[in-house]
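In each ligand, atom 1 is the first atom listed, and ligand 1 is the first ligand listed. We count residues from 1, following the sequence as given.
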Amino acid sequence: MAHWQTTRFRIDLRRPQVMGIVNVTPDSFSDGGRFASTDAALAHCDQLKAEGADILDIGGESTRPGARSPSPEEELARVRPVLAHATTLGLPVSVDTSTPLVMEAALELGVDIVNDVRALMRPGAVALVAAHASAGVCLMHMRGEPGTMQGDPAYADVVGEVGRFLAERAAELRRQGIAAERITLDPGVGFGKTVQHNLELLQRQHELLALGYPLLVGWSRKSTLGALTGRPVAERLAGSVAAALAAVQRGARIVRVHDVAATVDALKIWQAAGLPSQNNEIPTP
Ligand code: HH2
């Protein structure tokens with residue numbers, strides 16, 4: 001499957017796609033508060049488009065470890081004006097939410113993709129997306145909830161367990177009538193995982209590709225990069241770009257990043273060098 005079907009766009013995945021992050025939150029782990037005002041968030045959408053983002057991902061809930069969830073109404077008030085603006089920019093727009101109220105409003109605004117770190121597990125979420133003719137969806141794996149997920153995550157086989165979870169969620173969506181070409185999967189770097197777990201998910205990423213869906217991954221500025229480099233969150237640009245390239249080299253089709261310009265440049269060089277990604281052909285599930 002070399003494309004991702006979304007509301008308005010059939011996204012060509014033969015070239016790796018850069019998803020730029022717009023956090024309309026006071027408390028995100030790396031940029032909390034910077035784009036919390038509507039004006040700052042609108043300007044950030046324009047900026048990321050100018051930097052070459054292929055997709056904009058807009059969220060109103062921080063899912064950093066220990067974060068407090070806003071009410072559905074509060075979350076919607078944060079993202080609604082930003083989504084409305086982003087959908088005028090001529091590129092696919094994704095809403096980063098687990099909240100059915102927010103999903104519904106976003107789809108009514110014409111948003112293209114629902115990106116859910118809780119894999120559409122909340123009551124009514126699958127039905128909402130299934131009722132839409134073509135919205136795309138990203139299903140992410142998370143162990144536990146943001147408040148507690150980094151307690152002491154343990155897996156017998158992290159890649160096997162993440163893969164089984166994602167396969168089951170994708171199968172459930174398909175049973176509810178959502179076409180395979182609308183679905184991407186994400187191992188959820190840093191969501192209830194240790195440094196070793198995250199690295200194993202990258203090293204054995206081909207096992208997740210074998211599920212037959214395109215992979216989206218988000219390494220940007222995450223604490224595993226800090227653990228490997230000794231750098232605080234503001235100094236993880238090089239680590240983030242390297243991780244994005246490694247993920248693409250191992251077959252990921254979409255990278256979710258804060259630093260769009262640097263990632264776009266790095267991917268241009270990677271492509272010019274003719275480095276084929278592993279598993280160029282994604283099998284049809
Ligand atoms: N990571 C974050 C949020 N949403 N969605 C997907 N599909 N994959 C991810 O890895 C992912 C995600 C966390 O990063 P960020 O948005 O920068 O932080 P916060 O949750 O604190 O707003």
**Report entry** Donor-acceptor pair between Glu51 and Gln47 side chains, under 3.5 angstrom
**Finding:**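 A pair is found: one side chain offers a donor N or O, the other an acceptor, under 3.5 Å apart.
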Requested in this report: Using distance alone, with no hydrogens and no angle criterion, decide if Ser98 and Asp116 have a side-chain donor and acceptor under 3.5 Å apart.
Outcome: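 Asp116 and Ser98 do have a side-chain donor-acceptor pair below 3.5 Å.
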Answer yes or no: does an N/O atom from [X] fall short of 3.5 Å to an N/O atom of ligand 1?
{"X": "Asp57", "answer": "no"}
{"X": "Ser62", "answer": "yes"}
{"X": "Phe29", "answer": "yes"}
{"X": "Ser28", "answer": "yes"}
{"X": "Asp27", "answer": "no"}
{"X": "Ser30", "answer": "no"}

For [atom], which protein heavy atom lies nearest, and how many Å away is it?
{"atom": "atom 16 (O) of ligand 1", "value": "Arg256 NH2, 2.9 Å"}
{"atom": "atom 6 (C) of ligand 1", "value": "Asp186 OD2, 3.2 Å"}
{"atom": "atom 4 (N) of ligand 1", "value": "Asp96 OD2, 2.9 Å"}

Query raised in the report: Are Ile21 and Leu83 connected in a single hydrophobic cluster, I mean Ile/Leu/Val/Met/Phe/Trp/Tyr linked by side-chain heavy atoms less than 4.5 Å apart?
Result: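 In one cluster with Leu83: Ile21, no.
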Which atoms from ligand 1 have a heavy atom of [X] less than 4.0 Å away?
{"X": "Gly218", "value": "10 (O)"}
{"X": "Asn115", "value": "5 (N), 6 (C), 7 (N)"}
{"X": "Val117", "value": "4 (N), 5 (N), 12 (C)"}

Query raised in the report: Do the ring planes of His44 and Phe35 sit parallel (below 30°), tilted (30 to 60°) or perpendicular (above 60°)?
Result: parallel
Applying a 4.0 Å heavy-atom criterion (strictly less than), which segment of [X] is in contact with ligand 1: side chain, backbone, both, or neither?
{"X": "Arg64", "result": "both"}
{"X": "Thr63", "result": "both"}
{"X": "Arg221", "result": "neither"}
{"X": "Asp31", "result": "neither"}

Query - Pair Asp259 + Arg221, salt bridge at N-O below 4.0 Å - result: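 A salt bridge is present here (some side-chain N lies under 4.0 Å from a carboxylate O).
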Query raised in the report: Under 6.0 Å from the CZ atom of Arg231, do we count more than 12 heavy atoms belonging to anything else shown?
Result: no
Query raised in the report: Does ligand 1 have any atom sitting under 4.0 Å from a heavy atom of Trp219?
Result: no
To the nearest 0.5 Å, how far apart are [atom1] in [X] and [atom2] in [Y]?
{"X": "Met140", "Y": "Leu185", "atom1": "CE", "atom2": "CG", "result": "12.0 Å"}
{"X": "Arg256", "Y": "Leu216", "atom1": "CZ", "atom2": "CG", "result": "8.5 Å"}
{"X": "Arg182", "Y": "His3", "atom1": "CZ", "atom2": "NE2", "result": "12.0 Å"}

Query raised in the report: So Lys193 and Glu200, salt bridge (charged side-chain N to carboxylate O under 4.0 Å, His left out) or not? Walk me through it.
Result: CA-CA 10 Å; Lys193 289 148 192 126; Glu200 206 170 330; over 6 Å; no
Query - Options His258, Lys222, Met19, Met140, ranked by nearest heavy atom to atom 1 (N) of ligand 1, top entry - result: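 The residue whose heavy atom sits nearest atom 1 (N) of ligand 1 is Lys222.
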**Report entry** Stepwise salt bridge (charged side-chain N to carboxylate O under 4.0 Å, His left out) test for Glu207 and Arg204
**Finding:** CA-CA 6 Å; Glu207 294 176 38; Arg204 293 169 54 197; 2.7 Å; yes
